[in-house]
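So you know, we letter chains A, B, ... as the sequences are listed, proteins then strands, and number each from 1. Heavy atoms only: backbone and side chains are in, while hydrogens, waters and symmetry mates are out.
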Protein chains: 4
Amino acid sequence: MSTNKQEEIYKAALKLFAERDYDGTTVPMIAEAAKVGAGTIYRYFESKESLVNSLFQKVVMEFSETIKTDFPNSNEIREQFRHVFYQMVRFAKSNIYALLFIDSHAESYYLNEKSRSVFDGFMNFLVAIIEKGKERGVFSSLPSNALICIVYGAFVSFFKEIQHGKIIETPELIQGIERSCWNAIRID
Amino acid sequence: MSTNKQEEIYKAALKLFAERDYDGTTVPMIAEAAKVGAGTIYRYFESKESLVNSLFQKVVMEFSETIKTDFPNSNEIREQFRHVFYQMVRFAKSNIYALLFIDSHAESYYLNEKSRSVFDGFMNFLVAIIEKGKERGVFSSLPSNALICIVYGAFVSFFKEIQHGKIIETPELIQGIERSCWNAIRID
Amino acid sequence: MSTNKQEEIYKAALKLFAERDYDGTTVPMIAEAAKVGAGTIYRYFESKESLVNSLFQKVVMEFSETIKTDFPNSNEIREQFRHVFYQMVRFAKSNIYALLFIDSHAESYYLNEKSRSVFDGFMNFLVAIIEKGKERGVFSSLPSNALICIVYGAFVSFFKEIQHGKIIETPELIQGIERSCWNAIRID
Amino acid sequence: MSTNKQEEIYKAALKLFAERDYDGTTVPMIAEAAKVGAGTIYRYFESKESLVNSLFQKVVMEFSETIKTDFPNSNEIREQFRHVFYQMVRFAKSNIYALLFIDSHAESYYLNEKSRSVFDGFMNFLVAIIEKGKERGVFSSLPSNALICIVYGAFVSFFKEIQHGKIIETPELIQGIERSCWNAIRID
DNA sequence: AATGAATGAGGATTCATTCAT
DNA sequence: AATGAATGAATCCTCATTCAT
């Protein structure tokens with residue numbers, strides 16, 4: 001087959017974990033969705049717990065890489081913000097389950113040290129951007145992680161509604177949300 | 001006894017569901033935390049599923065009532081927004097588990113019709129406020145639920161960070177967040 | 001009921017472990033034989049492994065106590081030997097599975113520290129008897145544990161044959177075996 | 001290659017079965033120890049059960065042949081006994097796992113008709129020797145299989161202790177054990 | 001009303017066996 | 001011939017629920 005089984009397992013698990021949470025998802029469910037035998041999952045992952053952790057790390061790194069791709073090195077904070085936001089949108093649109101999975105599983109009791117540090121690394125990248133903006137007097141002087149919360153929280157919340165069919169996504173709407181988020185954290 | 005058992009069960013379940021999710025929480029865990037026998041839970045609730053649903057409805061209604069309490073009937077949108085925001089803060093501070101529980105359990109597969117409609121009713125109240133503001137040209141013309149997402153998403157995200165000890169809450173910070181959220185959705 | 005469930009589980013497990021070994025015995029098999037639900041076993045024992053260990057310790061201690069019961073304090077080695085041998089017979093006859101279980105499970109990879117030390121304690125009691133006999137010049141000067149091997153090995157082997165129906169036990173036969181074992185290790 | 005794969009599989013299985021029992025040994029364990037693929041085992045043996053049976057028969061026959069090799073046709077029972085005993089020692093020393101495997105797997109539920117009859121054939125050879133000795137009034141008049149139990153049980157028990165490092169084997173010790181076993185069953 | 005021992009259906013995981021390469 | 005990835009039946013174990021006390 002074209003895609004290999006590990007990838008199918010990742011894909012199936014991602015969707016199920018995003019929709020039903022870790023504990024609400026059974027290994028047989030994943031196996032069925034991935035069209036593999038239940039035992040096959042254990043050829044690729046030591047345990048269900050190791051599967052979530054691998055998946056979490058993989059997906060956070062993909063998110064991180066998406067955001068870093070073509071990151072503008074110019075000193076234009078506004079431009080950097082827009083870039084980050086639209087790359088988040090790109091990521092969310094290409095893989096909504098990944099976004100929801102990351103959001104609902106970060107801070108979970110079954111995540112291991114490495115998963116947490118990968119996630120922290122990702123967050124630190126965002127913090128760095130905010131910090132630079134604050135130095136330049138572009139952003140509000142609130143704590144950087146508070147500012148990230150505002151943008152990230154709003155963003156995820158928005159895509160959850162899209163996913164549930166309660167908001168129809170359009171380019172103009174995205175544009176409006178981007179502007180709102182910018183307005184939320186810039187100095188006024 | 002001073003507090004009755006049903007209340008203890010609700011309290012224990014709320015904390016556990018917020019921290020470990022519905023499926024990650026077992027009935028014996030709840031029983032132990034509530035200091036009752038496992039069987040006792042079934043005197044008050046038909047099943048675990050009926051317990052989450054009851055709890056969800058109860059907690060959403062409390063949230064809703066908190067927000068509606070002393071709601072300013074003046075026509076000052078800015079004042080109404082501030083009221084709603086600070087009542088959300090009051091609710092979050094008095095019962096952080098309730099906030100996290102609502103956030104992570106809304107849209108879950110085990111919620112029944114009634115739970116969903118209670119939650120929708122709550123959201124509609126917020127939508128109404130937004131709609132009025134939009135009519136007056138105070139808020140951005142983005143869809144109302146998108147605007148709610150921004151404020152609600154930012155707010156919850158912020159309190160999650162507080163709960164995880166990553167942000168220290170101060171009156172000034174709350175004030176700053178309120179202003180950010182307002183800036184996010186007002187016409188600029 | 002007169003006997004409690006833990007005792008029924010012990011009894012069922014003992015027979016099955018003796019007949020089919022630890023790994024050849026499944027928890028449902030034990031549950032069925034003990035006439036309890038499979039889950040009930042886990043109310044009494046943490047795991048299958050903890051069950052074998054508990055059982056092993058219990059049974060070795062019973063064997064040990066049987067042998068020590070009415071142990072003659074006289075200085076007659078011949079009398080002490082006869083006592084030990086007949087108490088072993090008594091134990092084997094009252095609970096053949098216990099004897100076979102001890103024999104086939106001692107030195108197994110799943111036995112824990114405590115099980116091993118209980119077994120060693122039992123063996124040391126036998127060693128002490130042999131040592132005293134050797135001091136008095138009654139027993140062969142071979143290493144004590146070698147002498148024990150001869151008697152114990154012969155004894156267990158003999159009762160295995162009885163268990164398999166290949167030897168019919170009679171008082172005279174037991175008497176003959178006791179004498180043989182004595183002859184095996186005494187000075188000639 | 002110098003040794004063929006079937007031989008490697010036999011060797012690996014023998015050690016593992018002796019150390020961990022049939023059910024405690026997995027086919028992949030055997031494959032790894034034999035340095036072959038798991039599937040390869042099924043080229044040589046129909047199933048795991050057929051492997052134990054083949055192995056059991058092979059090993060019992062080797063034991064049997066070892067004992068019969070150079071069997072003294074003289075009428076000296078003492079000499080015959082010594083021969084058998086020392087050949088058992090030779091076998092045990094050359095392949096301790098074989099001895100332990102035979103001992104712990106005889107009478108197991110997964111042995112088939114043929115395995116049982118091969119084992120019985122072996123035992124009958126020993127019985128014949130004993131019977132002859134009894135006719136001549138050299139051995140005790142106890143049942144022949146009881147006498148075999150004494151010698152065989154003592155012998156195996158002794159080599160188990162050697163295997164577990166609790167007894168150090170020396171020529172003098174072996175000599176002493178042989179004499180003990182003889183004393184155990186001869187007329188006194 | 002309250003309990004917690006008991007249950008068995010269902011979960012995570014293992015493993016004998018197959019089969020495409 | 002040899003492999004080892006793949007499978008699913010069978011393990012061990014958990015947990016929602018019941019019920020005798």
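Atom C1' of nucleotide E:dG4 and atom CD of B:Glu32 are separated by 13 Å, given to the nearest angstrom. For A:Ile9 and F:dA6, the CD1 to C1' distance is 10 Å, given to the nearest whole Å. Nucleotide E:dA1 holds its P atom 12 Å from the CG atom of B:Asn4, rounded to whole Å. In this structure, the NZ atom of B:Lys48 is 8 Å from the C1' atom of F:dA16, given to the nearest Å. Between the P atom of F:dC15 and the OH atom of B:Tyr22 lies a distance of 13 Å, rounded to the nearest Å. Taking atom CZ of D:Phe45 as the reference point, atom P of F:dA2 lies 12 Å away to the nearest angstrom. What separates OH of D:Tyr42 from P of E:dA16 is a distance of 6 Å, to the nearest Å. The distance from atom CD1 of D:Ile41 to atom C1' of E:dT17 is 11 Å, rounded to the nearest whole Å.
Nearest-nucleotide mapping onto DNA chain F: of D:Gly39 and B:Asp23, the residue sitting toward the 5' end is D:Gly39. Map A:Lys35 and C:Glu46 each onto its nearest nucleotide of DNA chain F; the residue landing nearer the 5' end is A:Lys35.
If you look at D:Phe17 and D:Tyr10, their ring centroids are not closer than 6.0 Å.
Residue C:Thr40 is in base contact, counting any heavy-atom pair closer than 4.0 Å across all strands shown. Residue contacts for B:Val27: at a heavy-atom cut-off of 4.0 Å it reaches a base atom on one of the strands shown. Nucleic acid contact class of A:Thr25 (heavy atoms, under 4.0 Å, all strands): sugar-phosphate only.
In this structure, the nucleotide among E:dT3, E:dT13, F:dC12 sitting nearest to the side chain of A:Ser47 is E:dT13. Here the nucleotide nearest the side chain of B:Thr26, chosen from F:dA16, F:dA2, E:dA1, is F:dA16.
Annotation: C:Lys114, atom NZ; neighbour count of heavy atoms from other residues, nucleotides and ligands within 6.0 Å does not exceed 12.
A donor-acceptor contact closer than 3.5 angstrom is absent between the side chains of D:Ser50 and D:Asn53.
Nucleotide F:dA20 forms a Watson-Crick or G-U wobble pair with E:dT3, both donor-acceptor distances falling under 3.5 Å.
Interatomic distance, A:Tyr109 OH to A:Asp23 CG, rounded to the nearest 0.5 Å: 3.5 Å.
A donor-acceptor pair is defined here as one N or O able to donate and one able to accept, closer than 3.5 Å; such a pair exists between the side chain of B:Lys48 and the backbone of B:Thr25.
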